[in-house]
Amino acid sequence: MSEISKTYEPQSVEDKWYQFWLDGKFFVANEKSAKPAYSIVIPPPNVTGVLTMGHVLNNTIQDILARKARMDGKEVLWLPGTDHAGIATQTVVERTLKKSGEIKHRDDLGRDKFLERVWQWKEKHGGIIIQQLKKLGASCDWTRERFTMDEAYSRCVQKVFVELYKKGLIYRGKRMVNWCPATLTALSDEEVVMKEQRGSLYYFKVQVAESPLTPALSPDGGEGEKRAATPTAVSLSHSEEEGQGEGDTSKFGPITDSKGRIWLTIATTRPETIPGDTAVAVNPKDPRYAKFIGQHVIRPLPAELPREQKLIPIIGDEHVDFEFGTGVLKVTPAHDKADFEIGTRHHLPAIEVIDARGQMNDAAGADLRGLDRFKARKVAAEKLAEFGALEKEEPYTNNIGYSERADVPIEPRLSEQWFLKYPSAEKSRAVVDSGRMKFHPERWAKVYDHWMGGLQDWCISRQLWWGHRIPVWSKSYADRLAAVRDEDEINRLVRNRKDFVVRREPEIKFAEDNDKPCRVFICVAPDGSADSDQSNLIRSIEQLGFTQDPDVLDTWFSSWLWPFATMGWPEQTDTLKKFYPTTDLVTGPDIIFFWVARMIMAGYEFMGEMPFKNVYFTGIIRDKQGRKMSKSLGNSPDPLDLIAKFGADALRFGVMRAAPLGQDILFDEQNVELGRNFCNKLWNACRFRQMQGGEVQGEIDPKLLTSDDKWILLKLDAAIRELNTAFAEYKFSDATATLYRFFWNEYCDWYVEASKSVFFGNDAAQKANSLAVIDFVLSHTLRLFHPFIPFVSEELWHGMGYATDMPENQGGKTIMFAPWPKPLDDEFTNFYGLSASDEKFAESRNNLVVKGRNLRREANLPASKKIRFVFKPVAGQMAASDVEVLKLLLNAETVEVNANFAPGKNVLAVRHELGELFLPLEGLIDVEAERARIKKEIEKYEAEIVKVEQKLANPNFAQKVPPAVLEEHKQRLGEWQNKLAQSRSALAALQN
RNA sequence: GCGCGGUUAGCUCAGCGGUAGAGCACUUGCUUCACACGCAAGGGGUCGCAGGUUCGAACCCUGCACCGCGCACCA
């Protein structure tokens, strides 16, 4: 520290050291190192993203772990990179191009041109978040930075696709998917969030087509039928009075009108899908409706169809809950997941009535055609009302799926997509259940287990352009014979290759199926280079008329390979050998299914081993009011602004202090301010040391240790132990709290203040020894701080000269590799004669100081006024050095030690285990105030004594309590009684 | 509906079987020669409610209430 400024100025320090670390290649991991490995892969942020508070939390923790591991002597790899983030990036680029007026839709550019623009965007913005991480101090090995669309990475994705395709785990199917009408792509179940939505429940009636021929249709003639045929039930209104309360199935039921027609009432939230209904379902056990199974109803929409095309069957299905709604369910296999399943069970046709954009198509009929689905809902209800079929519309709130990203209701839609049956699921589930892989906090293991227990196949294809294009080429043939004509050529092309799969759909049976159309799929892993074998193969199959699937893969289909695809897989690289499985993964619980679970499965499937040993789930950062941080709320501070204002260390420290294990964090700028103040305190404490002059002192002379020296060494020891515990449990907020308490309260407030009695004196040997203690404590403390506040600790490490004291590779060059402090061992404590009684004495003396300061305050004497104290030791002598400390800390003119002091009038007194302290007031005291204070004290002591006495009086207590506890209580009682006696005599003295 | 968190000082949170704690905020006094991004002293809580276990409960058990989250959903 050549120039010693009064306050710490991070701006002038941080960039300098970051560059120094980079230049020194201190972040670079060596896979050939003999040191034990520690590794961590960054959760790759979106390539076009900017740093958020969530990133700050997450990456600070990773940096702390990485830096601590280096100091522990580990070979550390913290592997950074970014994710291509399919939908997010494509949307951003497309929106920007639209805004600039360049295009109206991405089709205007075409796929290749558009992708070119995305790449340009990536080159321009992709570096931003990386630069921001550097600002934060992240010690990633930037020489190994990866991107999920790097060429090598893409090859991994393709290889994985082929392998899973070969195993039959990836398949193509027309299924009900979550369709996003805004982004026009399918989504996985995980990308759908349920949201409450206010709407209406529409009740409408449909006529049973077989009525009014009722008598012939009911062979059994049960209860329900009677009701149906009862003339009193002709009213079409289901008034509320009819029902007998909730769950009363008599509330609804078939109704026969005056013409003998039977009507069923259906409740729905989506009348616009009526044209897509292909059945009406009732529960076969429902007495009201069971007899109608096998009959038909007349579907009211589209209205223009002839009657015979409106007939849809009434089917029986256990899925129908007869307590809910009217007990009659309309079945729309093409637009509802549950209905699709019913449709499959009953071989119902599926009629699509809503198109990809969420608009009604031709099949929806003349009334709805071309309308948006929500508009169509209103129109459909109006139409039903017009026909007299709408019985009522009541307000209704239900949960519906939203596209998480586009924030619009998803449309369940039948669509041909690629699906993955998850591999290695059992092993992946077991590894967490058994505790071999640890989750912190542990409770997430249960969430994980639950999800793993209900795995649904993963829809992996997306109708986007930005991403890994599906490596499958296909060609349709009108009949099998046409396919056979190409077969020889295909076989020739793919002979002796392992990186391909050929499949025909549907499977062809010889002879009889010859005239059915089929498709041939060839799945190839291209390697990207222009004149490779694979490229030739692809060229050849394209010449045969095969075309590549236009879809890309879900972003997470590349992310789930991150822990090994970034390390050179599929080669068995030295990096993989050294650093896989990784040690810790630090991420948010919101991507436990998206990412964590899938990485575990990929790890087992492709590496045969778990990808990480520990997973630390951070909390979610919220604002002061507990709201999630979001751009639209504007409640998300820009971490870079905070760094500019307070410094990166301050931000790190503040966030860590506020982040208890796995709990959400209510973030407030005050946290950062606290961090800033703390760094400044550290700075100034070091500055104080510098101002005492002299070289770094190495040797501590045990003979010259003061009680304060011994105390602070013991406190340092305690702090190291606490920190180690906190690290073992991933409790970073505990760690920062310990650092704060140790450094600010114990070291600065007590030790440094006490040491001034030495520095203001003139015993040179004693001064040198105190400096040696300070240097010992500070050089350890800076190391304890380094993982949390790397910049200021490095600055001070050099500025104080501690670096020069260390071997080159162990702190001599950088604090990054200085060894993590060990708790003091027996040899040390014996040599320096440290014992628990030293600790107790110093604490006791400090307590005496507090009491003395109280006396001064009670007497209303200004802190600056030098006054005389008299100390009457209870036994033996107090060391002169301790008396000096008393004098200094009490800001006393003098502390007179007098074993025979007999206080006269107007002398404030306080009794203490070390002795009595007197403050002669020479007539300045406010007697009344003092009496009031003592009376209050007496009340407190009396209350405490009653509490303890009651415990001791309980006969059970003495019998059942451990002896130590009993003894402690007895002692405590004695202490309170002593204090009480003192206060009483003090009160008496004042009455003189 | 099932599950998971939470409920402790004005605020944010520790404590998880033996004298209720921290930081911030608040009050008072300090331009004390490292630091006003500071120093010193202080006020403030029947630990959500009701039972139970125990010599003893903020802490363990059982219910309940409220807040938050996740999963599954019924039209």
Side-chain angles (χ1 to χ4, degrees), chain A residues 4 6-8 193-194 201-202 266-270 273 281 319-332 336 338-339 396 398-399 441 443-444 446-447 450-451 454 589-590 592-593 619-620 622 624 626 646 650 657-658 660 662-668 670-671 673-692 731 733-734 737 740-741 744-745 748-749 752-753 756 760 849-850 853-854 856-858 860-864 866 888-889 891 944 947-948 950-962 964-966 968-969 972 975-976:
Chain A
I4 309 174
K6 206 170 169 183
T7 51
Y8 171 56
V193 290
M194 301 309 278
L201 189 59
Y202 303 88
I266 302 174
T268 182
T269 53
R270 302 199 65 187
T273 62
H319 168 79
V320 181
D321 175 358
F322 48 83
E323 306 241 325
F324 189 88
T326 62
V328 186
L329 173 69
K330 71 195 250 328
V331 182
T332 326
D336 185 281
D339 289 4
Y396 190 70
N398 63 340
N399 288 326
R443 66 186 142 90
W444 292 109
K446 208 168 174 176
V447 175
H450 184 249
W451 190 74
D590 48 336
I592 185 169
F593 309 138
I620 292 168
R622 299 171 180 280
K624 259 197 279 193
F646 299 107
R657 262 216 96 179
Q663 299 281 30
D664 286 358
I665 296 119
L666 301 195
F667 181 79
D668 185 346
Q670 276 191 344
N671 298 139
E673 214 173 308
L674 176 123
R676 190 258 328 251
N677 295 352
F678 188 76
C679 293
N680 189 55
K681 188 75 180 177
L682 179 62
W683 177 263
N684 272 291
C686 289
R687 192 164 153 250
F688 171 78
R689 159 64 186 87
Q690 288 302 74
M691 290 169 87
Q692 305 317 312
K731 290 187 173 173
S733 61
D734 282 12
Y740 193 98
R741 186 210 65 227
W744 201 307
N745 299 338
C748 290
D749 290 348
V752 171
E753 292 308 319
K756 287 176 181 173
F760 294 171
V849 169
V850 171
R853 286 168 174 167
N854 270 326
R856 170 197 283 277
R857 186 176 165 80
E858 280 148 19
N860 251 332
L861 297 171
S864 55
K866 297 261 182 187
L888 182 78
L889 296 185
N891 194 26
E944 291 295 343
K947 250 160 97 178
V948 183
Q950 271 174 355
K951 273 192 176 183
L952 290 170
N954 186 335
N956 285 323
F957 186 76
Q959 281 170 22
K960 300 192 180 180
V961 138
V965 174
L966 185 64
E968 194 191 301
H969 277 76
R972 198 190 304 156
E975 281 167 29
W976 289 126

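The shown structure was predicted, so the numbers you read here are calculated from the model rather than taken from an experiment. Letters A, B, ... mirror the listed sequences (proteins, then strands); counts begin at 1.
Comparing B/U19, B/A41, B/G18 by their nearest atom to the side chain of A/His969 picks out B/G18. Here the nucleotide nearest the side chain of A/His450, chosen from B/U19, B/C71, B/C24, is B/C71. When distances run from any side-chain atom of A/Met691 to the nucleotides B/A34, B/G18, B/C24, the shortest one goes to B/A34. Taking every side-chain heavy atom of A/Asp749 into account, B/A40 is the closest of B/C37, B/A40, B/U19. The side chain of A/Thr268 sits closest to B/A75 out of B/C37, B/A75, B/G18. For A/Lys446, the side-chain atoms get nearest to B/G3 when compared with the rest of B/C73, B/C24, B/G3. For A/Met194, taking side-chain heavy atoms from C-beta onward, the closest of the listed nucleotides B/C4, B/C73, B/C71 is B/C73. Here the nucleotide nearest the side chain of A/Val320, chosen from B/A75, B/G5, B/G18, is B/A75. Nearest nucleotide to the A/Lys947 side chain, out of B/C39, B/A20, B/C24: B/A20. The side chain of A/Asn399 sits closest to B/C73 out of B/G42, B/A22, B/C73.
To the nearest whole angstrom, the two C1' atoms, one in B/C59 and one in B/G1, are 31 Å apart. For the C1' atoms, the distance from B/C64 to B/G29 is 49 Å, rounded to whole Å. Taking atom C1' on both nucleotides, B/G45 is separated from B/A58 by 11 Å, rounded to a whole Å. If you take atom C1' in B/C73 and the same atom in B/U46, they sit 43 Å apart, rounded to whole Å. On the P atoms, B/A50 is 23 Å away from B/G18, given to the nearest whole Å. B/C4 and B/G44: their C1' atoms are spaced 34 Å apart (whole Å).
A heavy-atom distance below 4.5 Å is not found between the side chains of A/Asn398 and A/Leu201. Taking the side chain as every heavy atom from C-beta outward, A/Arg853 and A/Leu889 approach each other to under 4.5 Å.
Atom-to-atom distance recorded for A/Trp744:CH2 and A/Lys681:NZ is 5.5 Å, nearest 0.5 angstrom. To the nearest 0.5 Å, the span separating OG1 on A/Thr268 from CG on A/Asp336 amounts to 9.0 Å. A distance of 9.0 Å separates NZ of A/Lys947 from CZ of A/Arg972, quoted to the nearest 0.5 Å. Between the CG atom in A/Asp339 and the NE2 atom in A/His319 there is a gap of 7.0 Å [rounded to 0.5 Å]. Annotation: the span from A/Leu674 atom CG to A/Phe646 atom CZ amounts to 10.5 Å, rounded to 0.5 Å.
Cation-pi geometry between A/Lys756 and A/Phe688 is met: the NZ or CZ atom falls under 6.0 Å from the ring centre, inside 45° of the normal.
For B/G38, one of the phosphate oxygens OP1 or OP2 lies less than 4.0 angstrom from a side-chain nitrogen or oxygen of A/Asn677. For B/A41, one of the phosphate oxygens OP1 or OP2 lies less than 4.0 angstrom from a side-chain nitrogen or oxygen of A/Arg853. Note on A/Trp744: a side-chain N or O is less than 4.0 Å away from OP1 or OP2 of B/C39. The phosphate of B/U19 (OP1 or OP2) has a side-chain N or O of A/Arg972 nearer than 4.0 angstrom. A sub-4.0 Å separation between OP1 or OP2 of B/G56 and a side-chain N or O of A/Lys951 is absent.
Residue-to-nucleotide proximity on RNA chain B shows that, of A/Asn684 and A/Trp976, the 5′-proximal contact is made by A/Trp976. Of the two residues contacting RNA chain B, namely A/Lys6 and A/Asn891, the nearest-nucleotide position lying further toward the 5' end is that of A/Asn891.
Residue-level contact check: A/Val948 touches neither bases nor backbone, having no heavy atom under 4.0 Å from any strand. Contact annotation for A/Asp339: no contact, since no heavy-atom pair falls under 4.0 Å across all strands. No engagement by A/Asp336 is indicated, since no non-hydrogen atom pair under 4.0 Å with the nucleic acid exists. Within 4.0 Å of A/Gln959, counting heavy atoms only, lies no atom of the nucleic acid at all. A/Cys748 comes within contact range of at least one nucleobase, with a heavy-atom separation under 4.0 Å. Nucleic acid contact class of A/Tyr202 (heavy atoms, under 4.0 Å, all strands): none. Residue A/Val328 is classed as having no contact, given no heavy-atom separation below 4.0 Å to the nucleic acid. Within 4.0 Å (heavy atoms only), A/Lys681 reaches at least one base atom of the nucleic acid. Using a 4.0 Å heavy-atom cutoff across all strands shown, A/Ala737 reaches no nucleic acid atom at all. Nucleic acid contact class of A/Leu329 (heavy atoms, under 4.0 Å, all strands): base. Across all strands shown, A/Pro589 has no heavy atoms under 4.0 Å from either base or sugar-phosphate atoms.
Stem analysis of RNA chain B (at least three stacked-register Watson-Crick or G-U pairs, each with both distances under 3.5 Å) gives B:1-7 with B:65-71, B:10-13 with B:21-24, B:26-30 with B:38-42, B:48-52 with B:60-64.
In this structure, A/Glu753 atom CD and B/G38 atom P are separated by 14 Å, rounded to whole Å. Look at CG on A/Asp590: it is 10 Å from P on B/G70, rounded to the nearest Å. Separating the CG atom of A/Asp734 from the C1' atom of B/G23 is a distance of 14 Å, rounded to the nearest angstrom. Following rounding to the nearest Å, A/Phe593 (CZ) and B/C71 (P) show an atom-to-atom distance of 6 Å. The CG atom of A/Asn671 sits 12 Å away from the P atom of B/A25 (whole-angstrom rounding). The separation between A/Phe688 atom CZ and B/U32 atom C1' is 13 Å, rounded to whole Å. Spacing between atom CG of A/Asn745 and atom C1' of B/C24 amounts to 14 Å, rounded to whole angstrom units. Atom-to-atom, CD of A/Glu673 to C1' of B/A36 comes out at 13 Å; the value is rounded to the nearest Å.
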- Message: Run the side chain to side chain contact (heavy atoms under 4.5 Å, CB included) test on A/Leu952 and A/His969 for me, step by step, so that the C-alpha distance in whole Å, both residues' side-chain angles and the decisive distance to 0.1 Å come before the verdict.
- Response: CA-CA 8 Å; A/Leu952 290 170; A/His969 277 76; 4.1 Å; yes

- Task: Quick one: do A/Val961 and A/Lys951 satisfy side chain to side chain contact (heavy atoms under 4.5 Å, CB included)? Show the steps, please.
- Result: CA-CA 11 Å; A/Val961 138; A/Lys951 273 192 176 183; over 6 Å; no

- Item | Check against side chain to side chain contact (heavy atoms under 4.5 Å, CB included), A/Trp451 and A/Ile592 | CA-CA 10 Å; A/Trp451 190 74; A/Ile592 185 169; over 6 Å; no

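The base of B/A34 is not paired with the side chain of A/Gln692 by any donor and acceptor separated by under 3.5 Å. Counting atom types as modelled, A/Arg687 pairs no side-chain N or O with a base atom of B/C35 as donor and acceptor under 3.5 Å.
Contact record, A/Lys6 with A/Trp683: O-CD1, 4.2 Å, taken as the closest heavy-atom pair.
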